[in-house]
Amino acid sequence: MFEWFGKVCYSPHTKIAAFARYLKDGRIMASRCDQCGYRSFPPRADCPECLGGDFTFEEVGGAGRLLTFTRIDAAPAGFEDEAPFIVGVVDLEDTGRLLAWFGETVPEEEISMGMPLQVVPRIFEETPEIKVYYSLERPGTSWVKGDSA
Amino acid sequence: MADSTSSPAGPRVGVVGIGHGVFGRRSDASVQELAFEAYREALQDAGIRPAEIDASVIGAVPEYHKQRSVGGVIQEYLNLNPKPTWLTEVACASGSAAIRTAWMAIRSGLHEVVLVIGCQKMTELSTAEILALMGRVGDVQWESVFGTTFPGYYAMFAQRHRHEFGTTDEQLTLVAVKNHYYGARNEKALFRKEITVEKALASDPVASPLHVYDCCANADGAACLVLAAEGRARQISDKVVWLDGLGCATASMSVLRRPELTGLPSAVAASRQAYAMAQTTARDIKVAEVHDCFTIAEIMAYEDLGFCAKGEGGAFIQEKQSYIGGSTPVNVDGGLKAKGHPIGATGVSMAYEIVKQLRGDCGERQVPDADLGLTHNVGGIGQYCFVNVFRRD
């Protein structure tokens, strides 16, 4: 089901495919190695520390700060309709980093380095197939609620 | 960890021949014809016959060519069958990877004279195909799904550099102004005209804060070197330039797993290896070719290579320290920015320029007393970096 992730998904086959289902349910998941506890976001199936291959998904809070950003005017194939769009890299409070688009709660003129942000799971509403992603929003923006726990 | 800076036993390796085609939109030539232009020049420069070549290494990025396994068609067109050949690929650093493996082949004693060809035919692809490739330069699983682009990544480095060190858009632009100044004086360059800060700042936005004039252009082209073991090298040439220091390092594919975004850790590591192996320091480098795929990339290179302190790259270009006459002249052939960037050819083109500088053959672009030169060739956004140090007798 990882093909659900992203407007254009280039890599549908992965051992962490359930990430997309969790995202559809409104949860952003990191991985924790069952053997040594190594934690990673983005999640990964294989532990680079102890080489273990078993892991458990763990939810991350989604709060973080803006590390850097850019407004992309020249868009690649599949994103022409979105251009111009702004992507940002966020240092998550929990663990790791994440790259995503800014959502509507953060106007372009308010974007500044280091600003606090909330990562919010989203569903593309204009596509017939299931397509999920996450966006960077003003802190306090509510999460999209999934219909299953 | 093995010490990659120690010198294994084996012959010293030198450059005895160099060749370079004209970079540009070469709708007049196929990839093997481009390779031949550089090959012809290199063999004539070395004064050797094809039969004296023991093997060839080709640096190119396969996804740009319609011809699959491009090494085969080049080896045939050069009439080098049945001599061995193989291809090296590390994105925009593929040419330097070819040089490194040629050095290894000679140092090991396996081959004595090895041809290196860097080549790329980029304009065979349609705009749609280019745009599709452009969308897959980053980590496709977590980043490309948000439409990230190559300029977009360097733009995010530029934002960080501006934020932490106060680097200005004008300082970024001054890199392009310098490289166009020298490109205008290089007969092999794609863009042969000077630009102004005003014109560059007014050019179309690509990915903020980068404009069109902050970005290098795709091009077709090829460059070629003949490398040889010391004994053979001295027989072939009386102006051998030695490849005495080699460095190579990697960094994460994903920008999400980089410790900081104001430099390339692979460039820092690779340069320290190369300096140690050549028993030299950044201060002694008289002329450098660095990977200015974007203006911010050249500013970060000044710092990563140790030409100036961290955070002072903007001031370094503003004070013209990277011009001829400054503390370390950089990209005085126009760099990727003005010369054009046929990705597989670029690393070999850099080596071509440094050898020419160390021979004293660069005319009005000649750096005085150039006896030690450096190339810095980056793949992607620093996923790979190769730094080589060249020395003349």
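Chain letters run A, B, ... following the sequence lines, proteins first and then strands; every chain starts at 1. What you see below is based on every heavy atom in this structure, not just the backbone, and it leaves out hydrogens, waters and symmetry mates.
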Quiz item: A:Arg32: what forms a salt bridge (charged side-chain N to carboxylate O under 4.0 Å, His left out) with it, not counting sequence neighbours?
Solution: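 With sequence neighbours excluded, A:Arg32 shows a salt bridge (charged side-chain N to carboxylate O under 4.0 Å, His left out) to A:Glu58, given in chain and number order.
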Donor-acceptor table for chain A and chain B, threshold 3.5 Å:
residue  : atom : partner  : partner atom : Å
A:Thr14  : OG1  : B:Gln141 : NE2          : 3.4
A:Ser40  : OG   : B:Arg257 : NH1          : 3.2
A:Ser40  : OG   : B:Arg257 : NH2          : 3.2
A:Pro42  : O    : B:Arg257 : NH2          : 2.9
A:Leu67  : O    : B:Arg160 : NH1          : 2.7
A:Thr68  : OG1  : B:Met156 : O            : 2.7
A:Phe69  : O    : B:Gln159 : NE2          : 3.3
A:Thr70  : OG1  : B:Ser208 : N            : 3.2
A:Thr70  : OG1  : B:Ser208 : O            : 2.7
A:Arg71  : N    : B:Ser208 : OG           : 2.8
A:Arg71  : O    : B:Ser208 : N            : 3.0
A:Asp73  : N    : B:Val206 : O            : 2.9
A:Ala74  : N    : B:Val206 : O            : 3.3
A:Ala77  : N    : B:Leu131 : O            : 3.1
A:Arg97  : NH1  : B:Val255 : O            : 3.0
A:Arg97  : NH1  : B:Arg258 : O            : 2.7
A:Arg97  : NH2  : B:Arg258 : O            : 2.8
A:Arg97  : NH2  : B:Pro259 : O            : 3.3
A:Trp101 : NE1  : B:Phe146 : O            : 3.0

Select one option (side chain, backbone, both, neither) describing which atoms of [X] are under 4.5 Å from chain B's heavy atoms.
X: A:Ala100; answer: both
X: A:Leu67; answer: both
X: A:Leu92; answer: neither
X: A:Phe5; answer: both

Quiz item: Given the options B:Gly147, B:Ala207, B:Ala158, which has more heavy-atom pairs under 4.5 Å with chain A than any of the others?
Solution: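 Ranked by contacts with chain A, first place is B:Gly147.
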Quiz item: Do B:Val145 and A:Val8 come within less than 4.5 Å of each other through their side chains, counting heavy atoms only?
Solution: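 No, too far: nothing below the 4.5 Å cut-off.
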Practice problem: Over all heavy atoms of both residues, which pair between B:Leu256 and A:Leu99 is shortest? Give the atoms and the distance, please. | Solution: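 For B:Leu256 and A:Leu99, the tightest heavy-atom pair comes out as CD2-N, 3.7 Å.
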Quiz item: For B:Val137, is it the side chain, the backbone, both, or neither that has a heavy atom closer than 4.5 Å to a heavy atom of chain A?
Solution: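 Neither; nothing under 4.5 Å.
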